[in-house]
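Data block below; observations after.
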Amino acid sequence: MTTSTALPPAPVPPVSPGQRSKKQVPHNVRTSRRAAWIFAPSLLVSFVFVYVFIGITVYISLSNWKIGTSPDLTLRQPFGGTYGEIIQEQRFQADIRNVVIFTIIFLVLAIFGGLIAALFIHHVSVGKGLFRTVFLLPYALSFIVTGVAWRWIFSPSTGVNEILRSIGIENPPGWTTDTTILGALNDPSGTDFLKVQFGIPVALLPIIFAAAWQLVGFAMAMYLAGLASIPEEHLEAASVDGANTWQRLRHIVLPQLWPSTITCFVLLLHVALKIFDLVVAMSGSGPGFVTDVPGIYIYNYLTSRYDKASAMAIILLLLTLAVIVPYLIRGYRKERKA
Amino acid sequence: MRASNKLRTSLAITAAASLIAVTGCSANQPAGSSTGGTDKLEITSWWTSGSEADALNVLIDGVKQSKAGLSVDNAAVSGGGGANARQALAARLQAGSPPDSWQLHPAGQLKSYVDGGQVADLTELWTQNDWASKLPKDVAEAQQVDGKYYTVPIGVHRGNVLWTNPAVLSKANVKINPTGTVDELIASLKQVQATGTTPVCLGDKDIFASAELLESIIMSRTGADNWKKLFTNEYSFDAPEVKQALEDYKTILSLSNKDHSAITWDEAVKKMANGTCAVSLMGDWAYGELLNAKKTPGTDFAWVTFPGKEDIFDYVGDGFSIPAKNIPHADAANAWLKTLMDPKIQTEFAAKKGSIPAVTNADISSLSEYQQEAAKSFASAKVVSSLAHGQVTTAEFAQTYADAVSTFNGSGNVAAFTASMTQAQKTQL
């Protein structure tokens, strides 16, 4: 927490308003004590409602609270038995497979899409505002709204399949109802530990596409800001030295956009891991859980198994932390160096 | 001085924000609980659709008539087949501020509330009014846990009804015999397929629709007694009859619309009535839905009991319980339970809901042809409870079943299905 930057100006010896600048605010004990008081309520609230509740969820996931209506908070034997139980479930394994596939493809699509859209808008000479709005508009909508629209588009009997049929394709794809797993790595028997086929579930692709469509505008906005901050002289100098468009892009523009890419990556990553509403609206769990995600799992078990729902919530939290923490550590190290 | 003014402003904003947070929390308290008095009643349910809300209003008007000056707070929570309502209720029960009465399915779902010590023992009320004698034995038993009554039944739905499209069936020259076997049914469906029409409409976006279809086939193959034994662990999901039912289910699934996992049950029955396919299995709440969609019974759609070796009535019941502790308005809640058991009220309720009255002395002559048939069948058929609706056993087991069906829909792996269900029989019953 860098409280000093967010401090209101402390009472200082009277100065004329024009002279007031950041440098004149003394970072003394009095001001930081005041700052602590101001931030105390929000710190307390976030401590209770975030960290204490995470702790409670961890505890429930280790407890015997098996039925939603009657809390049984004794610890389950063997310790952590719920986790052992769920990792052997076909549904859980399918969820982890789905969320990993979803995250990877979604990030690639949204970030590349955003980059291309931003480069296009940055270099187009007319209608910049129009294009910006067109790309950014989906971001303003809620997932549940776009989910309903995309559900109709990819529904096996309407939408794109109507068009496919009209051009003579007899058996158009089932889209979100397809149970095929592309590039399946194993053949589960149902009694082994691995109960799910690892690979890319075809039914997930339309949903990933819809999610990327919605958030490509966000990535574009990030990249547009990044592009605007590249000094014009660098590009001019490169042109004078005889660099062509591709060389300028590769050696000047893309390296300077790296911070935007990192920001996009982190901010979109948690969208992918937490995805729930879009999937519910488009396909639900799907046959054989081909489109099930941890969010739906948690929701389904909230009235029948509190321990399982909590354990899945904790696993989801760990998944997020596994990617966010290295990023935070890297940022922290950089800050200390600076 | 400007700076300290700013400080004061930010402090004031922080204070206001925390005040809002605090009042926001207290606003979660149930409406009406603070005012007290005996002239109030709060009920929760998941009856929010058009016909359900109308039916609930029959009950509310009824209790108002029996207790003049009573104001009723209808705290219904919509969505998720009751999952949202049960969530909201669980939160209130844990906070110690329950409503005066809430809707639930009897038997298995009731048991979880009894185990949690959350529902009041109504045995005294039952014996005082001699309710057990006014109900069929199966219904009365479903309201008990360990010999004590905890809930009051308001209506009875049937889960295993095969809704048919007469025009499509006659075009294929097919007649479905309710006393025939599952094999005969499959043969008829294949005959429909030969005419180029999809035989079965299924909408299992919410998995209970295919869970109910599979449950009907299992019942037909195993018979009512073995179905009941599945939940006392005296009969195994590994039995050859269950495996045969799974193979049948796989066949019927292959005869269904390919987009079944993308549509809901009500879309599926409407497709059936529009002639997209020949049959659709669904509980008899579909009857209300079809009437609502302006379809005429007899011409647009007809019905048969799901074929099988004996006449089985797959019972899906609705009832109300009252809390064991912290009941805000006990008198009004008692009046409410008595109103529910009034035969006239049950008939009026059924007319809106599409169910049949639970009490045997209700006059059903004013109800529809389907409901009269269902009532007759309920009196004569073997009554079993639904697993797809979590009535026959615990919510945990029902969720395991729903997951197993979902998995089976994707893989068609009989061994995996029976493995996970026999495992659940060992650990969850």
Side-chain angles (χ1 to χ4, degrees), chain A residues 8-12 14 17 34 37-42 44-45 49 66-72 85 89-91 94 151 154-158 161 171 174-177 179 188-191 195-197 203 282-292 299-306 308, chain B residues 1-4 6-7 9-11 14-15 17-18 21 80 82-83 86-87 89-90 93-94 111-118 204-207 210 253 257-263 390 394-400 402-404 406-417 419-420 428:
Chain A
V12 285
R34 273 212 177 114
W37 275 110
I38 291 166
F39 285 102
S42 59
L44 187 77
V45 165
F49 288 99
K66 291 201 165 190
I67 301 164
T69 47
S70 53
D72 176 358
E85 184 189 336
E89 273 178 8
Q90 198 263 7
R91 181 173 188 181
R151 176 193 162 199
F154 283 117
S155 163
S157 47
T158 54
N161 279 3
N171 283 311
W175 303 111
T176 55
T177 63
T179 53
S189 73
T191 42
K195 294 198 171 84
V196 74
Q197 215 162 31
M282 277 184 76
S283 67
S285 294
F289 299 116
V290 277
T291 61
D292 202 43
Y299 178 78
N300 273 173
Y301 278 105
L302 271 182
T303 41
S304 55
R305 287 287 299 270
Y306 267 45
K308 265 168 108 168
Chain B
M1 272 342 273
R2 234 180 91 201
S4 57
K6 259 192 182 170
L7 182 67
T9 319
S10 53
L11 272 176
T14 320
S18 38
R86 288 195 290 274
Q87 274 288 356
L89 177 67
L93 287 171
Q94 275 146 36
K111 191 170 181 301
S112 62
Y113 290 106
V114 175
D115 289 346
Q118 286 154 333
D204 62 357
K205 187 166 186 283
D206 302 311
I207 198 67
S210 49
L253 209 58
N257 48 318
K258 295 282 164 283
D259 61 346
H260 60 87
S261 73
I263 65 173
T394 61
E396 185 189 356
F397 196 92
Q399 182 68 52
T400 306
D403 282 359
S406 223
T407 308
F408 190 72
N409 281 359
S411 67
N413 188 335
V414 176
F417 181 91
S420 63
Q428 295 171 10

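Every chain is numbered from 1 and lettered A, B, ... according to where its sequence line falls, protein lines coming before strand lines.
Neither the backbone nor the side chain of A/Asp292 comes within less than 4.5 Å of any heavy atom in chain B. Looking at A/Thr177, both its backbone and its side chain come within 4.5 Å of chain B, counting heavy atoms on both sides. Residue contact with chain A, scored on non-hydrogen atoms closer than 4.5 Å, involves the backbone of B/Lys258 exclusively.
Looking at A/Arg91 and A/Asn300, their side chains come closer than 4.5 Å, going by heavy atoms from C-beta outward.
Residues passing the side chain to side chain donor-acceptor pair (under 3.5 Å) test with B/Ser210 are B/Asp204, B/Asn409, sequence neighbours excluded. Residues passing the ring pair (Phe, Tyr, Trp, His ring centres under 6.0 Å) test with A/Tyr301 are A/Tyr297, sequence neighbours excluded.
Between the side chains of B/Ser406 and A/Ser285, no donor-acceptor pair of N or O atoms lies under 3.5 Å.
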